[in-house]
Amino acid sequence: MLVRITNEPRDYAWGSASAIPDYLGVPTIGRPQAELWLGAHPGCPSRVDGRPLDEVLDDAGVEQPGMLLKVLAAAAPLSLQAHPDAAQAAEGFAREDAAGLPRDAPTRTYRDPHAKPELLVAVTRFEALSGFRPLDASLPVLDALAALDERVAPFAERVRASLERAVGWMLAGGEEARSVVRGIVAAAERLPAGLEAERDTVRRLEAASPGDPAIAIALLLHRLSLEPGEALFLAAGNLHAYLEGLGIELMGPSDNVLRGGLTPKHVDRDELLRILDFTPLDDPRLAPVELPGATAWRPDAPFELRRVRGRHRASAEQAIVLAVAPLSIVAGGERLELARGEAAFVAGASELELEGDDAWAALAGAAPDRRIAP
């Protein structure tokens, strides 16, 4: 199977009105374009000649893809969030189904029974928070803030005693927690040299979500400024928030999001704490691998992402391909020409050849790489 797929970008309020149109050469729509979904997730499936891709695959007896490719354009911070692993997702989905909670209910947390490991590659400079950093990196920041405003001290003391309990206490809110956030906001502009990133984080989050407890929690996370081509991998339980930028995301076929703040949407504090991984990360970045005609990012997940520039051959059970420039695809004896901004789904062809100046290929069941003869 080699078919052209289309979709309409999702217009979440944090999206950019121009980043996706400028990147893919597609029309603006007069409102934010936050995420373009390419895949078969029933929440927003791509379409084949007007029909939902998930239905087309069912009718053809083709397995649903175990991945979802997105173009993400953030003009403002997204929610502070984490995603479950496979067992947590299956259990939570069954539990909410058994409770009779509609799958489109705003208070629903588990919208499908799948895990959502997530890879992001920056297209533009991309600002993000990702994963707890070691305490010897975060505590000096909290102590510096507490020295400037004593209202921050209770949070610093709790973090020093127990990271997990400190996060739970802050998420629970309450007047003392709110006082901590007010202290952080008041002191951040006076932080000494060397803490510019933390100052910027507080400034951004306070502007987007004034007084939100997540502002304090954000200071416990890595603050990253990714250059184009740099990548993050977010395993299950990774607490994160995207702040600004254009990126390509590849993830499990899931829309399970447990939010902790920076959003008007449903926040389930207890469930978030249950699935969070509090293990400190040294560096959440994922290094690329150079291949003939492509750069690959290979996370600990059942998929990988490649940026194709030139002629490239890949072996995979399924693929989702997005053309940033005109692209030729050959798979299973079929050929498809994509214009800039067009996409395709491939299944049942063990090998595909891609040729073009710029494209993204999401692969599931990828086999060892093979070099193409000139």
Checklist line | Positive for salt bridge (Lys or Arg N to Asp or Glu O under 4.0 Å) with Arg182, one of Glu175, Glu176, Glu206 | finding: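 By the salt bridge (Lys or Arg N to Asp or Glu O under 4.0 Å) criterion, Arg182 pairs with just one of Glu175, Glu176, Glu206: Glu175.
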Notebook entry, point to check: Of the non-hydrogen atoms in Pro45 and Gly43, which two are nearest, and what is the gap between them?
Noted result: CD-C, 4.0 Å
Margin query: Is there a path of hydrophobic side-chain contacts, each under 4.5 Å between heavy atoms, that joins Val141 and Val185?
Written below: yes
Notebook entry, point to check: CG of Leu72 to CD of Glu118: how many Å apart, nearest 0.5 Å?
Noted result: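 The CD atom of Glu118 is 8.5 Å from CG of Leu72, to the nearest 0.5 Å.
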Next item on the list: Quick one: do Gln64 and Asp54 satisfy side chain to side chain contact (heavy atoms under 4.5 Å, CB included)? Show the steps, please.
Entry: CA-CA 7 Å; Gln64 297 290 324; Asp54 53 338; 3.5 Å; yes
Check: Does atom CG of Asp357 have more than 12 heavy-atom neighbours, drawn from other residues, nucleotides or ligands, at distances under 6.0 Å?
Finding: no
Check: So, for Asp277 and Ala236, which heavy atoms are closest and what is the spacing to 0.1 Å?
Finding: CB-O, 4.2 Å
Note to self: So Leu243 and Leu78, do their side chains get closer than 4.5 Å, heavy atoms only?
What the structure shows: no
Notebook entry, point to check: Within 45° of the six-membered ring axis of Trp37 and under 6.0 Å from that ring's centre, is NZ or CZ of Arg10 located there?
Noted result: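 Positive - Arg10 is close enough to the ring of Trp37 and near enough to its axis.
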Notebook entry, point to check: Going through the checks in order, is the side chain to side chain contact (heavy atoms under 4.5 Å, CB included) test met by Leu129 and His240?
Noted result: CA-CA 5 Å; Leu129 301 165; His240 62 278; 5.6 Å; no
Item checked: Sub-6.0 Å ring centroid separation between His114 and His83 -> no
Next item on the list: Report, as yes or no, whether the 6.0 Å neighbourhood of atom CG on Asp300 holds more than 12 heavy atoms from other residues, nucleotides or ligands.
Entry: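 No, CG of Asp300 has 12 or fewer neighbouring heavy atoms, counting only those of other groups under 6.0 Å.
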Checklist line | Residue pair Asp97, Arg103: steps toward the salt bridge (Lys or Arg N to Asp or Glu O under 4.0 Å) verdict | finding: CA-CA 8 Å; Asp97 264 4; Arg103 294 183 185 177; 2.7 Å; yes
Notebook entry, point to check: Between Arg309 and Glu355, does at least one N-O distance fall below 4.0 Å, as a salt bridge requires?
Noted result: no
Margin query: In the structure I gave you, are the side-chain heavy atoms of Leu272 and Arg259 within less than 4.5 Å of one another anywhere?
Written below: no
Item checked: Intermediate values then yes/no, side chain to side chain contact (heavy atoms under 4.5 Å, CB included), Phe132 and Leu239 -> CA-CA 7 Å; Phe132 289 101; Leu239 189 62; 3.8 Å; yes
Next item on the list: Give the cluster check for Val56 versus Val62: same hydrophobic cluster or not, with ILVMFWY residues linked at side-chain heavy-atom distances below 4.5 Å.
Entry: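 Yes; tracing contacts between hydrophobic side chains, which count when under 4.5 Å, links both residues.
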Notebook entry, point to check: Could you walk me through whether Glu189 and Arg203 pass the salt bridge (Lys or Arg N to Asp or Glu O under 4.0 Å) check?
Noted result: CA-CA 8 Å; Glu189 293 300 326; Arg203 185 184 296 141; 3.0 Å; yes
Margin query: One pair to check against side-chain hydrogen bond (donor to acceptor under 3.5 Å, both in side chains): Thr295 and Arg306. What are the steps and the verdict?
Written below: CA-CA 5 Å; Thr295 301; Arg306 299 184 187 182; over 6 Å; no
Check: To the nearest 0.5 Å, how far apart are CZ in Arg285 and CG in Leu232?
Finding: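 Here the interatomic distance stands at 7.5 Å.
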Check: Is Glu244 paired with Arg204 through a side-chain N to carboxylate O contact shorter than 4.0 Å?
Finding: yes
Check: Should the heavy atoms of other residues, nucleotides or ligands under 6.0 Å from CD of Glu63 be counted, would the total exceed 12?
Finding: no
Item checked: Pair Arg274 + Glu164, salt bridge at N-O below 4.0 Å ->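 The answer is no: the pair does not qualify as a salt bridge.
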Check: Got a sec: does the CD of Glu271 have more than 12 other heavy atoms crowding it under 6.0 Å?
Finding: yes
Note to self: Less than 6.0 angstrom from the centroid, inside 45 degrees of the normal: does Lys265 satisfy that with respect to the ring of Tyr12?
What the structure shows: yes
Note to self: With a 4.5 Å cut-off on side-chain heavy-atom distances among I, L, V, M, F, W and Y, is there a chain of contacts connecting Ile275 to Met170?
What the structure shows: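 Same cluster.
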Check: Within a strict 4.5 Å, meaning less than it, do heavy atoms of the Leu219 and Ser138 side chains meet?
Finding: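 No - every pair of side-chain heavy atoms lies 4.5 Å or more apart.
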Check: Taking it one step at a time, do Arg223 and Asp200 satisfy salt bridge (Lys or Arg N to Asp or Glu O under 4.0 Å)?
Finding: CA-CA 10 Å; Arg223 169 62 193 272; Asp200 183 68; 2.8 Å; yes
Notebook entry, point to check: Are any non-hydrogen side-chain atoms of Leu224 and Glu127 less than 4.5 angstrom apart?
Noted result: no
Checklist line | Side-chain heavy-atom pair Glu353, His312 within 4.5 angstrom cut-off | finding: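 Result no, sub-4.5 Å side-chain heavy-atom pair not found.
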Note to self: Do Leu120 and Ile248 have side chains that approach each other closer than 4.5 Å (heavy atoms only, starting at C-beta)?
What the structure shows: no
Check: Step by step, would you call Ile320 with Met67 a side chain to side chain contact (heavy atoms under 4.5 Å, CB included)?
Finding: CA-CA 9 Å; Ile320 301 170; Met67 58 186 173; 4.1 Å; yes
Notebook entry, point to check: Is the CD atom of Glu8 crowded by more than 12 outside heavy atoms at less than 6.0 Å?
Noted result: no
Margin query: If you compare all heavy atoms of Asp282 against all heavy atoms of His222, which two are closest, and at what distance to 0.1 Å?
Written below: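 The answer is O-CE1, 3.3 Å.
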Item checked: Phe126 and Tyr242 aromatic ring geometry - parallel, tilted or perpendicular at 30°/60° bounds ->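 Taking Phe126 first and then Tyr242, their aromatic rings stand perpendicular (interplane angle over 60°).
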Note to self: Tell me the closest heavy-atom pair linking Pro21 and Gln33, and the distance in Å.
What the structure shows: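 The pair with the smallest heavy-atom distance is CG-NE2, 3.3 Å.
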Check: Should His266 and Thr109 count as side-chain neighbours, where that means a heavy-atom distance under 4.5 Å?
Finding: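 Yes - at least one pair of side-chain heavy atoms lies under 4.5 Å apart.
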Item checked: Which atom of Pro32 lies closest to which atom of Ile29, heavy atoms considered ->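 Reported closest heavy-atom pair: O-CD1, 4.1 Å.
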Check: Salt bridge between Glu342 and Arg340, side-chain N to carboxylate O under 4.0 Å?
Finding: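 Judged by the 4.0 Å cut-off on N to carboxylate O distance, Glu342 and Arg340 do not form a salt bridge.
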Notebook entry, point to check: Stepwise, does the side-chain hydrogen bond (donor to acceptor under 3.5 Å, both in side chains) test hold for His41 with Asp255?
Noted result: CA-CA 8 Å; His41 191 283; Asp255 195 29; 5.5 Å; no
Note to self: Would you say that more than 12 heavy atoms from the other residues, nucleotides or ligands in this model lie under 6.0 Å from the CZ of Arg165, or not?
What the structure shows: no
Check: Do any N or O atoms from the side chain of Asp143 and from the backbone of Ala156 form a donor-acceptor pair under 3.5 angstrom?
Finding: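 Not a single qualifying donor-acceptor pair exists.
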Notebook entry, point to check: Okay, side chain of Ser254, backbone of Asn256: is any donor-acceptor separation there less than 3.5 Å?
Noted result: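 Present.
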Margin query: Using modelled atom types and a 3.5 Å cut-off, is there a donor and acceptor pairing between side-chain atoms of Arg298 and backbone atoms of Phe303?
Written below: no
Next item on the list: Could you please spell out the steps behind the salt bridge (Lys or Arg N to Asp or Glu O under 4.0 Å) verdict for Arg151 and Asp149?
Entry: CA-CA 5 Å; Arg151 291 175 291 183; Asp149 194 307; 2.8 Å; yes
Check: Just how far is it from atom CG of Leu68 to atom CD of Glu35, taken to the nearest 0.5 Å?
Finding: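 Result: 8.5 Å between the selected atoms.
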Note to self: Do Leu36 and Leu24 have side chains that approach each other closer than 4.5 Å (heavy atoms only, starting at C-beta)?
What the structure shows: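 SC-SC contact between Leu36 and Leu24 confirmed.
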Notebook entry, point to check: So which heavy atom on Ala216 is nearest to which on Ile184, and how close?
Noted result: CB-CD1, 3.6 Å
Check: From Arg4 CZ over to Ile329 CD1, what is the distance, rounded to the nearest 0.5 angstrom?
Finding: 8.5 Å
Checklist line | Phe345 reachable from Leu352 in the ILVMFWY side-chain graph, under 4.5 Å edges | finding: no
Checklist line | More than 12 heavy atoms of other groups within 6.0 Å of Glu150 CD | finding: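 No, the 6.0 Å shell around CD holds no more than 12 heavy atoms from other groups.
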Note to self: So does Glu227 get a backbone contact from the side chain of Glu230, meaning a donor-acceptor N/O pair under 3.5 Å?
What the structure shows: yes
Next item on the list: May I ask you to decide whether Arg51 forms a salt bridge with Asp49, counting only side-chain N to carboxylate O separations under 4.0 Å?
Entry: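 A salt bridge is absent here (no side-chain N lies under 4.0 Å from a carboxylate O).
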